[in-house]
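These notes are about the structure you will find just below.
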Amino acid sequence: MVKDEFGLITYLRSRLASMRRTDTVVGIGDDAAVLDMGLEKDYLLWATDSIVEGKHFNFNIEARALIGRKAVGTAMSDIAAMGGYPVHITVDIGLPPYVEMEDVNELLKGMEFLADLFSVDIVGGDTVASDRLYISVGCLGRVEKEWLTLRSGARKLDEIWVSGPLGGSIYGRHLKVSPRVPEARFLVQNFKPTAMIDISDGLVADLYHILEESQVVAEIVRDWIPLHKDARSFDEALYMGEDFELLFCLSEDDSRRLEAMGNKLEYRFYHIGKVLEAGSIGLYMRDGEAVYPLERRGFSHF
Ligand code: ADP
Ligand code: MG
């Protein structure tokens, strides 16, 4: 077994595929687990995300609040990717000797910023001694059953969209995560997104998750992909990741409606491509007259 992240998740998913309970609606393989806990209209969503010093951030005094914000924001982003909204979080902190009480206070400020913004309660966690700082956040969310959006529903002729410009996040923006909860809620309330994911690994890698789960072939158009002003090359929009934007598919009808709403909207969405066919998995880039296949690859941070 190759111990890269995708390989490991594929292995865990097949190993842990058999579920023991009927209230598990979706287990491993989407942005959050989906649980039917007997609520009439809603499912519960459950996502966890960890960030580790040296891998996802470097510890420095100025960044402390943003590190807390990132830990919470990435978990909330996974809840948004299901069409839901966050309600409760738990926070596990691995504390190295050089992180003082005052630092913890600053980390908490960043967490509370997002908790306030989305009316979320921090209801528990765990604290352990560690040789480096890490924060692991568990986030519970809710979504109306009819609005649940998985990675697996993309269909032939669907249009592909993103919720914001991509690339260059690692140069600084990656800590300042703004989970696209309002955008996700706007989408599910007004449209029927067929598939959705948040971009953590990069546009290409995360689009491949949708394509794989939906068993479809898609094309993205180079000129339509919004490049963030922080990006130093176009490739960063495709592969750098940590954008935490929503990547989603809409039927042609919904897509036309969203297009028509255009500039009148509070949020800006960008149409970047199309699902071409169903039955196999593939991704192509259209660049002027040229069309070429895009390999599934990510970007190695730090
Ligand atoms: P995301 O980037 O959206 O946070 P990940 O790539 O981290 O998603 O995880 C993909 C899926 O694999 C999720 O359903 C997640 O819960 C599951 N997963 C990741 N690591 C583990 C693990 N160690 N044990 C069980 N499930 C895992
Ligand atoms: Mg995700």
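All ligand and atom numbering here is 1-based and tracks the order in the structure. Given the structure is predicted, the values throughout are model-derived calculations rather than measurements.
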Going by atom type alone, with no hydrogens or angles, which donor-acceptor pairs under 3.5 Å involve a side-chain atom of residues 19-27 and a protein atom two or more places apart or on another chain?
unit_1, atom_1, unit_2, atom_2, d
Arg21, NE, Asp23, OD1, 2.9
Arg21, NE, Asp23, OD2, 3.4
Arg21, NH2, Asp23, OD2, 2.6

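In this structure, atom 11 (C) of ligand 1 has a protein heavy-atom contact shorter than 4.0 Å. Inside a 4.0 Å radius of atom 3 (O) of ligand 1 there is at least one protein heavy atom.
You'll find the ring centres of Tyr85 and Phe118 outside the 6.0 Å limit. Between Phe6 and His209, the distance separating the two ring centers is shorter than 6.0 angstrom.
With Ser251 as the fixed residue, the side-chain contact (heavy atoms from CB on, under 4.5 Å) test singles out one of Arg155, Glu159, Lys192: Arg155.
Between Asp31 and ligand 1, an N or O atom pair is found at a separation short of 3.5 Å. Remark: ligand 1 and Leu12 share no N or O pair separated by less than 3.5 Å (distance only, no angle test).
Remark: distances from the non-hydrogen atoms of Met82 to ligand 1 are all 4.0 Å or more.
Counting only distance, with no hydrogens or angles, the side chain of Ser169 and the backbone of Glu242 share a donor-acceptor pair below 3.5 Å.
For Glu212 and Arg296, the salt-bridge test passes: some basic side-chain N is under 4.0 Å from an acidic carboxylate O.
Only protein atoms were considered; those of element N, O or S under 2.8 Å from the Mg ion (ligand 2) number 3.
Close approach of ligand 1 to Asp78 (heavy-atom distance below 4.0 Å) involves ligand atoms 1 (P), 3 (O), 4 (O).
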